[in-house]
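Accompanying notes for the structure given below.
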Amino acid sequence: EGRPIGQWGDIAIASLTKFLPVQEGGVIASHSRSLQSVRPVGRGAMTEVKALMDLIEVGSRYQRFGGFNALFNGVFSLKNKLRNGAARTAVPADDAQQPNGDHALDPTLINARIAHVSRWTVETALRERVIAQRRANFARLVGLLSDMRGGHPLLTELPPDAAPYVFPFVSDNADPRYRALRRLGLPLFRWDWLWPDTPHIAGDTGLVWSHSIFQLPCHQDLDEAALLCIANTVREVCRAHPA
């Protein structure tokens, strides 16, 4: 209704990792109260070093360091092999812990300050490029997926200032299609896991959308071949699982 994000409640939060090349960090904003009392604390030198190494590892994996990519990838590949081997030796297979589904917050991170290298990356990232390319990829997927039977884009146009996180695609017969797309390795997801005690409110479209809307990628580094692959895979699965 013409009001920007953050103007509907007291607090708005967002994850930096969803848009920018960092491994951690979030943003909090309020239009109704001061946040001066929020003073995060540092986590020590080793955390700063680890954050730097994590950033270099991801960057080299995606070929961001020119002639140094091979060197960095070799070092990190050896590191991961040694770490995985040590983990297998230390924890017998029969005693390995399984995920318990607990979504509790890590208390050590609640008041933690973002690492310096992560903050520097956020402040120096080419945001204009990120926004422009995500918008272009969104528009391309609109063109590729707008004439389908049994599914359609949730939105065909973006507000002028919007930087899309994902491309929301509304699907009929959603459950078998979603499972098929995941089996094929398509990087999509949906919000079908609800927080415990989420209230059921009459007319709440969120409960329907959590299953029927597929969140397809529109990342700024997807090229034309990747976008065509996404669209063609969605079309093939929808044909194989008609409404």
Side-chain angles (χ1 to χ4, degrees), residues 14-27 42-93 96-99 106 108-109 112-141 144 163-167 181-189 214-234 236:
S15 172
L16 294 173
T17 63
K18 291 181 171 66
F19 288 91
L20 300 169
V22 291
Q23 302 296 298
E24 62 173 4
V27 177
R43 287 173 284 163
M46 289 305 299
T47 297
E48 296 287 344
V49 172
K50 183 180 183 304
L52 176 60
M53 292 296 100
D54 288 345
L55 194 64
I56 294 175
E57 182 173 5
V58 173
S60 60
R61 187 186 309 157
Y62 290 98
Q63 306 297 306
R64 294 301 196 230
F65 295 109
F68 293 98
N69 289 314
L71 173 62
F72 287 150
N73 282 323
V75 171
F76 289 119
S77 177
L78 177 61
K79 180 262 293 184
N80 291 329
K81 287 180 180 178
L82 293 174
R83 174 183 292 175
N84 292 337
R88 284 194 295 270
T89 302
V91 182
Q97 294 184 354
Q98 299 298 320
D106 183 344
T108 64
L109 297 178
R113 180 188 297 124
I114 185 174
H116 286 90
V117 66
S118 299
R119 186 181 184 96
W120 176 85
T121 303
V122 169
E123 293 174 347
T124 59
L126 301 177
R127 300 185 190 185
E128 294 79 6
R129 173 191 171 273
V130 171
I131 296 170
Q133 196 57 50
R134 281 178 179 258
R135 290 180 63 90
N137 289 345
F138 190 101
R140 181 65 175 131
L141 287 172
L144 291 170
Y165 168 39
V166 292
F167 180 84
L181 290 169
R182 294 286 292 184
R183 285 195 298 268
L184 290 171
L186 195 72
L188 82 162
F189 62 96
F214 300 165
Q215 301 187 36
L216 303 175
C218 62
H219 190 274
Q220 59 268 20
D221 287 330
L222 292 174
D223 57 18
E224 176 68 9
L227 296 172
L228 287 173
C229 178
I230 292 170
N232 291 336
T233 304
V234 171
E236 291 171 5

- Which of Glu123, Glu24, Arg113 passes side chain to side chain contact (heavy atoms under 4.5 Å, CB included) with Ser118? It is Glu24
- Message: Is any side-chain heavy atom of Phe65 closer than 4.5 Å to one of Leu71?
- Response: no
- Query: Which value, rounded to the nearest 0.5 Å, describes the distance between Leu20 atom CG and Leu126 atom CG?
  - Reply: 10.5 Å
- Message: Quick check for you: to the nearest 0.5 Å, what is the distance between Lys79 atom NZ and Met53 atom CE?
- Response: 10.0 Å
- Message: Regarding Asp221 and Arg129, does a basic nitrogen lie under 4.0 Å from an acidic carboxylate oxygen?
- Response: yes
- Query: Are any of the side-chain heavy atoms of Leu186 and Val234 separated by less than 4.5 Å?
  - Reply: yes
- In Å and rounded to the nearest 0.5 Å, what is the CD to CD1 distance from Glu48 to Ile114? 9.5 Å
- Message: So, taking the atom named SG in Cys229 and the one named CG in Leu144, what distance separates them when rounded to the nearest 0.5 Å?
- Response: 11.5 Å
- Heavy-atom pair of closest approach, residues Asn137 and Leu222: ND2-O, 3.7 Å
- Close side-chain approach of Arg140 to Leu228, heavy-atom, < 4.5 Å: yes
- Item | Whether Arg182 side chain and Leu188 backbone form a donor-acceptor pair below 3.5 Å | yes
- pair Asn80-Glu57: side-chain heavy atoms closer than 4.5 Å: yes
- Shortest non-hydrogen pair, Pro164 vs Arg135, comes out as CD-CG, 4.0 Å
- Test log, rule side-chain contact (heavy atoms from CB on, under 4.5 Å), inputs Val122 and Arg127: CA-CA 9 Å; Val122 169; Arg127 300 185 190 185; 3.7 Å; yes
- Task: Provide the closest heavy-atom pair for Pro217 versus Ile230 in the form atom of the first, atom of the second, distance.
- Result: CG-CD1, 3.6 Å
- Minimum heavy-atom separation for Leu141 to Cys218, with atom names? CD1-CB, 4.4 Å
- Could you state the interatomic distance from CG (Leu216) to CZ (Phe138), rounded to the nearest 0.5 Å? 10.0 Å
- Message: Other residues, nucleotides and ligands only: do more than 12 of their heavy atoms fall within 6.0 Å of CZ on Arg43?
- Response: yes
- Message: To check you understand the geometry: which heavy-atom pair defines the closest contact between Arg61 and Asn73, and what is its length?
- Response: N-OD1, 3.5 Å
- Message: Please enumerate all residues that pass ring pair (Phe, Tyr, Trp, His ring centres under 6.0 Å) together with Phe19, with sequence neighbours excluded.
- Response: Tyr165
- Item | Passing candidate, side chain to side chain contact (heavy atoms under 4.5 Å, CB included) with Gln133, options Gln220, His219, Glu128 | Gln220
- With rounding to the nearest 0.5 Å, note down the distance linking CD in Glu236 to CG in Leu181. 10.0 Å
- Message: Quick check: closest heavy atoms across Asn69 and Arg64, and the distance to 0.1 Å?
- Response: OD1-N, 3.3 Å
- Query: In terms of ring plane angle, is the pair Phe72 and Phe68 parallel, tilted or perpendicular, where the classes change at 30° and 60°?
  - Reply: parallel
